[in-house]
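In what follows, chains carry the letters A, B, and so on, assigned in the order in which the sequence lines appear, proteins first and then strands, with residues in each chain numbered from 1.
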Amino acid sequence: MIKDELRAAIRQALVACYQQQDLDSGEIPEEIQLEVPKNPDHGEYATNLAMLLARAEKKSPRQIAERLTAVLQKSELLEKVEIAGPGFINFRLSPACWAATLHRVLADGANYGRSEVGRGTKIQVEFVSANPTGPLHIGHGRGAVVGDALAAILQAAGFDVQREYYINDAGNQVQTLGRSILARLRQLQGESVEFPEDGYQAEYVAELAAGLRQEQGGLTGLDDAEAVARCAGYGVAEVLKWIATDLEAFGITFDNWYSEQSLYDRKLVDYELDRLRQKGLTFEADQALWLRTTDFGDDKDRVLIKSDGSYTYFASDVAYHLEKFERGFDRVIDVWGADHHGYIPRMKAMLKGFGLPADALEVLLIQMVNLLRDGEPFVMGKRSGNFITLREVIDEVGRDACRFFFLMRRCDSQLDFDLELAKQQNSDNPVYYVQYAHARICSINRNADEAGIPMPDRDQFDFSQLSLEEEVALIRQLARFPEALEGAALHYEPHRLVFYLQELAAALHSYYNRHRVLVEDVRVSQARLYLVNAVRTVLANALRILGVSAPERM
RNA sequence: GCGCCAGUAGCUCAGCUGGAUAGAGCAACGGACUUCUAAUCCGUAGGCCGGGGGUUCGAAUCCUCCCUGGCGCGCCA
């Protein structure tokens with residue numbers, strides 16, 4: 001991308017200065033810092049290099065900047081190099097750069113913006129992983145969309161990505177589901193049985209009981225334990241189908257569904273615990289097996305096998321995560337609800353104790369979603385059964401708006417999700433703002449087609465016809481897309497793409513309102529068609545990565 | 001008590017590895033539709049960046065101590 005080319009040019013200039021002995025410290029920073037100035041008058045990029053070298057060179061930043069710019073003036077990339085303020089060097093890119101950007105966008109098409117920074121690193125994104133004991137609710141939605149978008153962003157940045165869903169089908173909560181279903185089943189049979197105190201009250205449990213009865217009858221011949229197991233098995237399988245269906249409605253699919261129970265069935269938990277034992281990371285006390293996580297930053301040691309011989313949830317999680325690395329992943333990202341943050345130190349401690357690098361596991365915490373309706377808090381409780389399912393929200397609000405809304409904020413800040421607001425199909429809803437920009441360009445294309453004005457190809461395109469301020473602003477924005485995408489990938493921050501999109505859409509709308517694309521002069525019209533279709537390409541690419549549609553008409 | 005996240009315009013939030021005059025949307029006010037889609041645009045107004053101290057050429061950003069809100073501190077999952 002342009003930024004990298006500029007960086008290389010600056011580095012060359014610095015080396016040249018040392019060779020000519022204009023400068024003498026010989027110091028070359030590992031990475032030349034380039035920033036985008038807030039004020040467009042300062043050009044497209046700026047560097048503070050001269051200020052950083054001032055100490056080593058024992059010269060004023062401005063003196064250093066003057067020597068560097070003397071060399072940089074000659075670069076073909078640059079139209080203008082200026083020294084400003086305390087010693088910033090500001091760069092204005094040349095028209096040749098802008099023309100090249102447009103060619104690049106249109107030639108690369110759907111691939112424009114992709115990069116290879118990931119270098120094929122095998123990375124797994126595990127997300128949602130909601131317990132299969134009930135339908136997904138709105139709180140799961142945020143993690144689902146962020147995980148999905150992040151996976152797509154990483155793919156676009158050249159990582160080798162797998163999306164995985166971890167099914168907690170081995171714990172107590174599955175038993176609870178089984179007991180709840182069984183109670184409802186017996187009630188359906190007319191028996192008067194007491195509903196378990198800790199059972200799931202919600203409506204869907206009765207639905208599951210009815211479905212089970214239809215498929216397998218009343219389970220009358222079975223003893224309690226067997227009946228509960230049958231109910232649990234049926235319930236988990238059905239609920240997983242619901243979850244998969246709802247996620248598909250949300251545009252989310254997984255490469256792999258990984259069962260916790262399968263860890264036990266394949267004796268992987270024992271196997272992995274043995275590996276920990278052999279490394280001397282465990283100890284026995286109070287008839288329990290402990291993992292010495294305090295040696296690696298946790299604030300207390302953690303139980304793996306309880307004194308009654310059963311495994312903790314932590315034990316299977318340890319096994320699960322160790323097994324991920326045995327599957328060959330270089331890096332693993334877990335997307336968790338922020339209420340699980342206390343769990344991170346023990347997981348990281350475990351992996352560290354095992355000798356894996358500190359960044360092998362990255363946990364992305366997704367802060368809570370406060371559900372509102374008309375500005376009033378909407379209280380939810382799984383127990384009481386008073387919750388809004390994700391499916392209801394998708395159906396009510398629409399997939400595009402819902403996804404966009406969840407991606408709009410940094411995930412470590414809490415999110416107010418107002419059902420009425422998100423439902424509004426009007427200008428308060430930023431997703432339409434972006435989609436509208438795309439639809440407008442499509443409309444221009446239809447008109448151009450009708451008027452017999454063809455999109456120019458690369459050789460016909462005449463960049464000299466594009467000289468308006470708004471046109472350069474648009475191209476500048478297009479040139480930044482690869483940077484935005486790369487930043488979103490390397491920092492695990494999908495919201496950056498959302499903000500990028502809003503800025504690009506704003507630049508397009510502003511241009512559209514001030515100037516016509518299709519004018520009398522065919523040469524101008526064609527050049528502008530070339531430009532806006534580059535914009536359309538980038539809008540579509542970014543929206544596709546975020547899983548939001550790019551409509552041709554609105 | 002300890003830990004994690006947040007505190008930026010009336011509201012909801014951006015602010016990338018520390019950079020130049022702190023930005024956007026909504027709300028408010030004033031404008032622009034015989035012209036490619038007004039789900040749009042242009043303009044005005046609005047700020048001790050929670051508070052104190054520190055680090056330095058330079059801090060919304062880093063360190064430290066407070067304050068406020070949310071969440072978490074099981075041989076639960």
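Nucleic acid contact for A:Glu35: base, since at least one base atom lies under 4.0 Å from a heavy atom of the residue. Across all strands, A:Ala506 comes closer than 4.0 Å to no nucleic acid atom at all (heavy-atom distances). In this structure, A:Gly487 reaches neither bases nor backbone, as no heavy-atom distance under 4.0 Å exists between it and the strands shown. Nucleic acid contact for A:Asn90: base, since at least one base atom lies under 4.0 Å from a heavy atom of the residue. Residue A:Asp299 is classed as having no contact, given no heavy-atom separation below 4.0 Å to the nucleic acid. Contact annotation for A:Asn48: base contact, defined as any heavy-atom pair under 4.0 Å involving a base atom. Note on A:Thr312: only backbone sugar-phosphate atoms sit closer than 4.0 angstrom, heavy atoms only; bases stay farther off. When heavy atoms are screened at a 4.0 angstrom cut-off, A:Met554 is found touching base atoms of the nucleic acid. Counting any heavy atom pair closer than 4.0 Å across all strands shown, A:Ala484 reaches no nucleic acid atom. As judged by a 4.0 angstrom heavy-atom cut-off over every strand, A:Glu450 is placed among residues making no nucleic acid contact. Note on A:Phe88: a base of the nucleic acid sits closer than 4.0 angstrom, heavy atoms only. Base engagement by A:Leu34 is indicated by at least one non-hydrogen atom pair under 4.0 Å involving a base atom. A:Tyr512 comes within 4.0 angstrom of a base, heavy atoms only. Looking at heavy-atom distances under 4.0 Å, A:Ala46 makes contact with a base.
Residues A:Tyr436 and A:Trp290 both approach RNA chain B. Their nearest nucleotides, taken by heavy-atom distance, put A:Tyr436 toward the 5′ side. Ranked by how close their nearest RNA chain B nucleotide is to the 5' end, A:Gly342 and A:Asn172 are led by A:Gly342.
Within the 3.5 Å criterion, the main-chain N or O of A:Leu49 finds no donor-acceptor partner in the side chain of A:Gln33. No donor-acceptor pair closer than 3.5 Å links the side chain of A:Glu126 to the backbone N or O of A:Trp336.
B:G7 and B:G51 are spaced 13 Å apart, taking the P atom of each and rounding to whole Å. On the C1' atoms, B:U8 is 15 Å away from B:U68, given to the nearest whole Å.
Distances shorter than 4.0 Å separate none of the side-chain N or O atoms of A:Arg528 from OP1 or OP2 on B:C36. The phosphate of B:A6 has OP1 or OP2 within less than 4.0 Å of a side-chain N or O from A:Arg410. For the pair A:Lys300 and B:G74, the criterion of a side-chain N or O lying under 4.0 Å from OP1 or OP2 is met. In terms of phosphate contacts, A:His495 brings a side-chain nitrogen or oxygen within less than 4.0 Å of OP1 or OP2 of B:G15. Side-chain N/O atoms of A:Lys306 include one lying less than 4.0 angstrom from OP1 or OP2 on B:C76. The shortest distance between the side-chain N/O atoms of A:Arg409 and the OP1/OP2 oxygens of B:C13 is below 4.0 Å. Listed pair A:Tyr432 / B:A39 fails the phosphate criterion, with no side-chain N or O lying under 4.0 Å from OP1 or OP2. Checking the phosphate oxygens (OP1, OP2) of B:C36, no side-chain nitrogen or oxygen of A:Asn513 falls inside 4.0 Å.
Judged by ring centres under 5.5 Å apart and planes tilted less than 30 degrees, A:His340 fails to stack against the six-membered base ring of B:G72. With centroids closer than 5.5 Å and planes inclined by less than 30 degrees as the test, A:Tyr433 and the base of B:A39 fail to qualify as a stacked pair.
Nearest heavy-atom pair across A:Phe406 and A:Val146 is O-CG2, 4.2 Å. A pairwise comparison of heavy atoms in A:Arg292 and A:Phe296 identifies O-CD1, 3.8 Å as the closest pair.
Note on ring orientation: taking the six-membered ring where Trp is involved, the planes of A:His140 and A:His137 are tilted (angle from 30° to 60°). Using cut-offs of 30° and 60° for the angle between ring planes, the A:Tyr258 and A:Tyr320 rings count as tilted.
Within residues 411-419 of chain A, the residues approached by RNA chain B to less than 4.0 Å at the level of any non-hydrogen atom are A:Asp412, A:Ser413, A:Gln414, in residue-number order.
Here B:C13 presents its P atom at 9 Å from CG of A:Asn370, a figure rounded to the nearest Å. Computed from coordinates, the A:Ile305 CD1 to B:C76 P distance equals 14 Å when rounded to whole Å. A:His509 has its NE2 atom 16 Å from the P atom of B:A24, to the nearest Å. The CD atom of A:Gln502 sits 12 Å away from the P atom of B:U40 (whole-angstrom rounding). Here B:G58 presents its P atom at 14 Å from CG of A:Leu52, a figure rounded to the nearest Å. Computed from coordinates, the A:Tyr343 OH to B:C5 C1' distance equals 20 Å when rounded to whole Å. We find that CE of A:Met368 is positioned 15 Å from P of B:G69, with the value rounded to whole Å. The distance from atom CD of A:Gln435 to atom P of B:A39 is 14 Å, rounded to the nearest whole Å.
Here A:Arg7 pairs with A:Asp4 in a salt bridge; the nearest charged N to carboxylate O distance falls below 4.0 Å. Taking the charged nitrogens against the carboxylate oxygens, A:Asp308 and A:Lys306 have no contact shorter than 4.0 Å, which rules out a salt bridge. Classification of A:Lys324 and A:Asp334 as a salt-bridged pair holds, one side-chain N sitting under 4.0 Å from a carboxylate O.
Across B:C75, B:G15, B:C13, the shortest atom-to-atom separation from the side chain of A:Val303 is found for B:C75.
Below the 3.5 angstrom threshold, one finds no donor paired with an acceptor across the side chain of A:Ser443 and the base of B:C36.
Sorted by first and then second residue, the salt bridge (charged side-chain N to carboxylate O under 4.0 Å, His left out) pairs involving residues 479-500 of chain A (not counting sequence neighbours) are A:Glu493-A:Arg496.
Of the candidates A:Glu469, A:Glu471, A:Glu470, A:Glu471 is the only one forming a side-chain hydrogen bond (donor to acceptor under 3.5 Å, both in side chains) with A:Tyr511.
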